[in-house]
Amino acid sequence: MNAVEYVGRTVGFSLAEVGAVFLLLGSAVKTIPKAIRQKKLVAEQMLRIGIGSLPLVLVTSIFTGGVAAVQAAYQFQDYVPMRYLGTVIGKSVVIELGPVLTALVVGGRVGASIAAELGTMKVTEQIDALETLAIDPIRYLVAPRLLAGLVMLPIITIFADFIAIIGGFVVALIGLDVSTHVYFTGLKLFLHPSDVLSGLVKAFFFGVIIAMMGCYHGLRTQGGAEGVGIATTKAVVSSCLLILITDYILASLLFSTVFSG
Amino acid sequence: MIEVIDLKKSFAGTEVLKGVNLNVRKGETVVVIGRSGCGKSVLLKHLIGLMKPDSGKILIDGVDVTTLKSEEMYEFRKRFGMLFQGAALFDSLTVWENVGLALLEHTDLSEEEIRKKVCQKLEQVGLDRLDDMKPSDLSGGMKKRVGLARAIAMDPPVILYDEPTTGLDPIMADVINELIRRLQKQLEITSVAVTHDMKSAYKIGDRLAMLYGGKIVFEGTPEEVMASQDEVVRQFVEGRAEGPIPVYQE
């Protein structure tokens, strides 16, 4: 195979995969009205994706806030007054660090778990068994995970933002000698509702990406244990990459158009 | 009732089914026998629409299932039950949820009524008091029986069996064969089974069909199979390495 053929095949294959993901997403969205009625299935997934991820997200967030405080203080040095510390932490957390780091952590945990579960179901013929019972696997398995992802990611991002701001505050108070009043006055100074909203819009899309990558790679699993391992790796890698790429696209769109005024 | 006409299917350039023709009459049990990897399970999966053929027809009560759209296919599948080789129980669900899933999804019965029906089905396959156990707590034989209870939960007129006795000890294999035979008589179900276990094939089959080289090469009653002088059939049923069937498949 020459280089041109290799590139052509790789691009063709990748485009076909993108098409397949969108087809799966379209089918899942179509079944959402029916899936909403499956309250137990949706609630189970919400618990797994949301509540199950909280401890990990909260630990990540508290240290993220702390690091943001230390880094900001280092960069301020003698040029920027420390009363802006809360401003910088607040803005960077709700716009960027909160949604992206939460999505990366949840993507690793939940994306892998969805891919492994659906992949195992595929290789042990449980997906075929669902079909033989006249149950659409997309409605029964994919739609509840998609719903849970797009609802729970924004919710846990709100928790993550809050905890990261508290983490930044604790470090500012104990390590940087910034008073409570100064920190929170700075926090409120330039923090707009649109900042929080933009972070939540990102989290919504990240939730869709995590659920879809887990489901897509899980349902395409072939072979046995090795296939499940490959699907899990692909789900996590593709989730993380897509989260970062989508983050850039959404940031460009949101701040150049929607929230620019 | 089931008519397979000139069914062909290839995977990655390898033709697995090369024009399969098979008839299954209402209420009878046809067992498709053949070597591992000869396409028996592929044939079975075509009958229930899990695979689409490259060409050919599958008529069930006169309806060509190969042309059905996705929604129509789901509706059509309510008339089938299928027992998988590894039982394929949903490991996140309990035994009662496994058996009652189709009832929960497709009927308006209350949970209490479904539980009662699930108990009946489990009793029919010789199991009780397993309701709240998970599949991981069950032995291989129990899993197959729960899989069978799940397959008959909606009282389907057709049941498909994929290697019903594979992986079971001889006694449990016989228990499953007896169970299949009893259910067929009690419920007057039309069945298609695929297996390479000749003891099972003789026991549950009204007719046997041998799949070899991508085609049905022999059809007959168990007695006719036993008396057959066809070299291919003889080699397979006697389990001989020497004969016209190559040991190492291409």
Side-chain angles (χ1 to χ4, degrees), chain A residues 13 23-24 26-28 30-31 33-45 47-49 52 110 113-145 148 214-215 218-219 221-225 228, chain B residues 11-12 41-42 44-52 68-93 97-107 111 135-136 143 146-154 156 158-163:
Chain A
F13 179 70
L23 278 177
L24 180 64
S27 307
K30 261 194 256 172
T31 61
K34 282 184 189 169
I36 288 172
R37 277 179 261 145
Q38 310 169 135
K39 291 185 187 75
K40 193 183 161 206
L41 287 177
V42 177
E44 267 174 20
Q45 292 308 319
L47 278 175
R48 273 178 66 181
I49 294 176
V110 174
S113 139
I114 293 175
E117 186 183 7
L118 267 54
T120 306
M121 287 184 78
K122 179 84 190 302
V123 298
T124 54
E125 295 186 306
Q126 291 179 53
I127 304 281
D128 282 348
L130 268 182
E131 297 254 16
T132 63
L133 295 174
I135 297 169
D136 178 5
I138 295 177
R139 195 255 302 159
Y140 190 79
L141 297 172
V142 180
R145 284 162 177 79
C215 291
L219 290 176
T221 304
Q222 284 181 328
V228 175
Chain B
F11 295 99
S41 297
V42 171
L44 206 63
K45 286 183 177 179
H46 275 88
L47 297 184
I48 199 164
L50 291 175
M51 288 183 180
K52 288 270 179 197
L68 293 180
K69 289 180 188 146
S70 177
E71 283 297 314
E72 295 168 328
M73 195 66 227
Y74 280 120
E75 203 49 45
F76 205 75
R77 283 190 189 130
K78 290 179 188 168
R79 301 163 61 178
F80 286 85
M82 182 160 175
L83 175 62
F84 286 83
Q85 191 172 342
L89 299 179
F90 307 117
D91 42 27
S92 59
L93 303 182
E97 286 169 328
N98 262 284
V99 178
L101 185 61
L103 295 164
L104 278 167
E105 288 283 323
H106 304 307
T107 67
E111 192 178 314
S136 54
K143 281 182 189 170
V146 173
L148 196 50
R150 184 176 70 182
I152 60 170
M154 293 276 284
V158 184
I159 296 193
L160 310 177
Y161 301 93
D162 188 2
E163 308 275 6

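We name chains A, B, ... by the order of the sequence lines, and we start the count at 1 in each one. Side chains are part of it too, since the values below use all heavy atoms of this structure and drop only hydrogens, waters and symmetry mates.
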Portion of A/Ile127 that has a non-hydrogen atom of chain B nearer than 4.5 angstrom: neither
A/Thr132 versus chain B, the contacting section by heavy-atom distance below 4.5 Å: both
B/Arg77 NZ/CZ over B/Tyr74 ring centroid, <6.0 Å and within 45° of normal: yes
Per-residue contact mode, A/Arg139 against chain B (heavy atom under 4.5 angstrom): side chain
Pairwise side-chain hydrogen bond (donor to acceptor under 3.5 Å, both in side chains) hits with a residue in residues 79-91 of chain B, at least two apart: A/Gln126-B/Asp91, B/Asp61-B/Arg79
Check: B/Leu101 main-chain N/O paired with B/Arg150 side-chain donor or acceptor under 3.5 Å: no
Option in B/His106, B/Glu75, B/Met82, B/Lys78 with maximal non-hydrogen atom pairs under 4.5 Å from chain A: B/His106
Donor on one side chain, acceptor on other, B/Glu105 and A/Tyr140, under 3.5 Å: no
Non-neighbouring partners of B/Lys45 that pass salt bridge (charged side-chain N to carboxylate O under 4.0 Å, His left out), sequence neighbours left out: A/Glu125, A/Asp128
Under 4.5 Å from a heavy atom of chain A, the part of B/Leu89 involved: backbone
Side chain / backbone / both / neither for B/Leu93 at chain A, heavy atoms under 4.5 Å: side chain
